[in-house]
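None of these values were measured; they are calculated from a predicted model. Letters A, B, ... mirror the listed sequences (proteins, then strands); counts begin at 1.
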Amino acid sequence: MNYNFREIEAKWQKFWAKNETFKATNNSDKLKFYALSMFPYPSGAGLHVGHPLGYIAGDIYARFKRHKGFNVLHPMGYDSFGLPAEQYAIQTGQHPAITTETNINRYREQLDQLGFSFDWSREVRTSDPKYYKWTQWVFIQLFNSWYNKASDKAEDIATLISIFDKEGNTHVEASCDEDTPLFNAKDWSGFSEKTKQEILLKYRLTYLADTEVNWCPALGTVLANDEIVNGVSERGGHPVIRKKMTQWSMRITAYAQRLLDGLDTIDWPQPLKDSQTNWIGRSEGASVTFKVKDHDASIEVFTTRPDTIFGASFMTLAPEHNLVSRITTKEQKEAVETYVEATAKRSERDRMADVKTISGVFTGAYAEHPFTKEPVPIWIGDYVLASYGTGAVMAVPCGDQRDYDFAKHYNIPIPNIFEGVDISEEAFADKTNTIIANSDFLNGLSYKEATSKVIAELEKLGQGEGKINYRLRDAVFSRQRYWGEPFPVYYVDGMPQMIDLEHLPLELPEVEKYLPTETGEPPLGNATHWAWDAKNNKVVSNEMLKQVRDDGHSELDSESYEGVYPLELNTMPGWAGSSQYFNRYMDPHNDETIYSEEAIGYWQDVDLYIGGSEHATGHLLYSRFWQKFLFDRGIAPKDEFARKLINQGMITGTSAIVFRIKNEDRYVSLGLKDKYSTDPLRVDVSLINPSDELNIDGLKKWQPEFKNADFILEDGKYIVGREIEKMSKRWFNVVNPDTICEEYGADSLRLYEMFLGPLEQSKPWNTAGITGVHSFLKKLWKLYGALNDIEPSAENLKTLHKTIKKVEEDIESFSFNTSVSTFMICVNELTSQKCTSKSILEPLAILVSPYAPHIAEELWERLGHSESIANEAFPEFEEKYLVESTKEYPISFNGKLRFKLELPLDMGKDEIEAVVMAHDKTKEQLQGRKPKKVIVVPGKIINIVG
RNA sequence: GCCUCGGUGGCGGAAUUGGUAGACGCGCCGGAUUCAAAAUCCGGUUCUUUCGGGAGUGUGGGUUCGAUUCCCACCCGAGGUACCA
């Protein structure tokens, strides 16, 4: 009987679905194990062979843990809001929900055919109102919270209000907007309700603020930095300007330090931790206040080198700095305004990309040096970014290359404040070998000493303090898009109001068009039913609002008209839905709470999270932020959601190249191409056989341009060139898992993906190699052809147990590629031993089952079992079967292996030396020389020196 | 520029704390089976060689009886990041 993988795989996939073999329970006496793979965005292109790599690894681990007796949670779902579906909707008018549904069904078919042990009863989709109800709910919790720096956690906004009632905000230590005014308890009680709301908004963890964004008027939307190329939109090439817009933001900066500290507590890859660390960008230094001469104003700067303050010969403000217009003198007004305008036209990325051009303008104003009281000229320059620090720097040209270049360019003095350092060519930025000079009370001090001294002096003057600055900025949370979560927000008198939980979800409205409105509002502005009736708590027609406007009343008066208010028109960004989905899987159908305490009390957190490294500073940072918030508010028991994380590497494609002779319809084989002048052309990789030979008939049918082409062959074959590059439709090198499954089966594909190499590494795909693992499966199948209850031989047991040991170690260390080799060795050995013993072949089936679950189930059934193999206990390794009595020692001379000698393992060092030295081959090697030294490591090696 | 990861046969890769470099698989070569092919099975396959051997894990040094493994300097590739004050 042959190995009929198509029949076997279909049979067991049906069996698992029907019996809900992988359904996890939320209460169990077993230990829990939560294995999670990042859920996909269901794109129209479907899966290629690179996508399942991480899923296969996660599935092997999940199945292994099941064999080890754990209650395993291994869910899957879809991150189903997103741009491609919306883009398609704009082009075709098809509702993104329909596109998304179609794509999900396709994904599900592809995933099912790979035999994953997912608990599909827990599937979530971020675009499902039942799911995004809870995304909206978390948003509301963030809105109703503030960050108390004293307790170092998020608290209910009510506790902040009671502090304001008692003592105003003068003493409270909270994360809040920079421009928050100070007030006392009496002020607070005198504020109007609207003023109170405005002030609270400055403290809430999600808040409305005017944010500078990249606005593309032609597209009617905000663009992310990477959607802009050379100052114009990547799509369409439309101009982009920077514009202030009122947007929802997330106060992630409140968590900067905890996000940094938490990295030490989790087992994540170092490069990923490093990129989060860099992204958060903590720097220690001081804030220094410079008074502006002849103005009632001061400029605060942040510097990491307060020790160099006596070297400050000018200051530079970002052109957007709000003091610029105030302090600029009449004479400089025109020049400054021209410069500011020119800068506004450039995107921030544009400015950052152009590092070489030095530009700036003198404002005409001077600041006063805190210590010398000397005037310091104030310049503006676009090398200072408004969004970092305070948007102003004290320029120390002798110690900072950018300041140095600027000073050189504009002939500003460069005082040297370093002892024995030449600064005629470049600035001296070394902190470690610094001795400060020409600096009054700092003379002779090191960087460290000078820094603490100057901070103390600044504090005495009330003009500065030690400060820690973060590069991390609050995250803009509004998108001018249709296909995202609606905010559960309506506006009364311009102030945002949250919709109560019992009325959630607030579902996306239907719209005629998915583009921005003619008046520049987001797509939701096209909805005709998008107003909130606050009395009846439901979405109503915009007509209810319209009446108000038609009456000549302003929108703000709408309260008097039936309590109907406008709803928020923005939607949430892509990362909203993925920031807590791992918790929702624990109790995905709960309609009363986000998840029950029982469910999260049992599952706690993710034990193993597998996904791509491209999410390092997006999803993985935002999720950690949300988790810490949920932890602070008592909603989650752990403040890190994933203990261990693994990044699977990319699988690259192996493109196939034919060589067209220039200006001819002829193609030349790889080996002969140097005789002609040729252009390389990529062709579909499915036309190539394992020996790099081209299927010429197939090519002629593939695309019309090859129909009448001639081919110059070598040895009767056309050999293609190969190039390793990213798997992409445009290179025709995408390999679809469906065709692999059809030809070789899912078990072969699973094994081969693991066999390619270490999980974390990027590696090229080459379909040809799959025959190796496929014939391994055939050999495995054959091994179970004749089964009996014969006692296994010592040899059989040795093979089995060394396999158990190696495979278990490999899985625990995520070294799945070496397990596959181990299986091959095992099957090769058992085949040559003609092993038929069930007591060997039963445990072997279990060992193989995490990797190749379909064949394992089938073999298990043939072994006479009626239950699934999935929950069988993993075989126990027993050392005793591996104990050897002899060892084949390598005998080296000066570190080079010369011959081998079998000796008993219990032979002592001296005895070994004696036997080896007496050996004929040793004498032959030494040729009469006397060895200087003989190294004997029992059980390992013998090395003779001399 | 900075940070991180990597560099081993024709190819993917293995070598667990410094101890037999190249496991396992692909490809290739030879053979068996077959009318023939596919499939299957067996043998070989780092390079070089005067068949004794010699060289060899990106390059050059070092530590060691012994280095793919540890240390120093450099080269190359991939990814991340960048006027961050």
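- If you check B:G27, B:A85, B:C3 against the side chain of A:Asp274, the one that comes closest is B:C3.
- Dashed line: the shortest gap from a side-chain N or O of A:Lys778 to OP1 or OP2 of B:U40 is under 4.0 Å.
- Remark: B:G66 base-pairs with no nucleotide in the shown strands. Criterion, Watson-Crick or G-U wobble with two distances under 3.5 Å.
- Here B:C84 is the nucleotide among B:G25, B:C84, B:C26 with the atom lying nearest to any side-chain atom of A:Leu385.
- A ring pair (Phe, Tyr, Trp, His ring centres under 6.0 Å) with A:His774 is found for one member of A:Phe755, A:Trp781, A:Phe5 and no other, namely A:Phe5.
- Across all strands, A:Pro269 comes closer than 4.0 Å to no nucleic acid atom at all (heavy-atom distances).
- Side chain of A:Asn943, nearest nucleotide from B:G13, B:C65, B:A85: B:C65.
- Residue A:Asp405 is classed as having no contact, given no heavy-atom separation below 4.0 Å to the nucleic acid.
- For A:Gln833 and A:Thr799, the side-chain atoms include at least one donor-acceptor pair closer than 3.5 Å.
- With B:U81, B:G13, B:A14 as the candidates, the nucleotide lying closest to the side chain of A:Lys763 is B:G13.
- Under a 4.0 Å N-O distance rule, the pair A:Lys805/A:Glu809 qualifies as a salt bridge.
- Out of B:C24, B:C84, B:C26, the shortest distance to the side chain of A:Ser775 is found at B:C26.
- In the set B:A85, B:A14, B:G25, the nucleotide with an atom closest to the side chain of A:Thr818 is B:A14.
- Between A:Lys802 and A:Glu829, at least one side-chain N (NZ, or NE/NH1/NH2) sits under 4.0 Å from a carboxylate O, which counts as a salt bridge.
- The side chain of A:Ala768 approaches B:C26 more closely than any other nucleotide in the set B:A23, B:C26, B:G13.
- Across the strands present, B:A23 finds no partner; the criterion is a Watson-Crick or G-U wobble pair with both atom distances under 3.5 angstrom.
- Nearest nucleotide to the A:Glu809 side chain, out of B:C84, B:U16, B:U40: B:U16.
- Closest to the side chain of A:Ile941, from the set B:G13, B:U20, B:C26, is B:U20.
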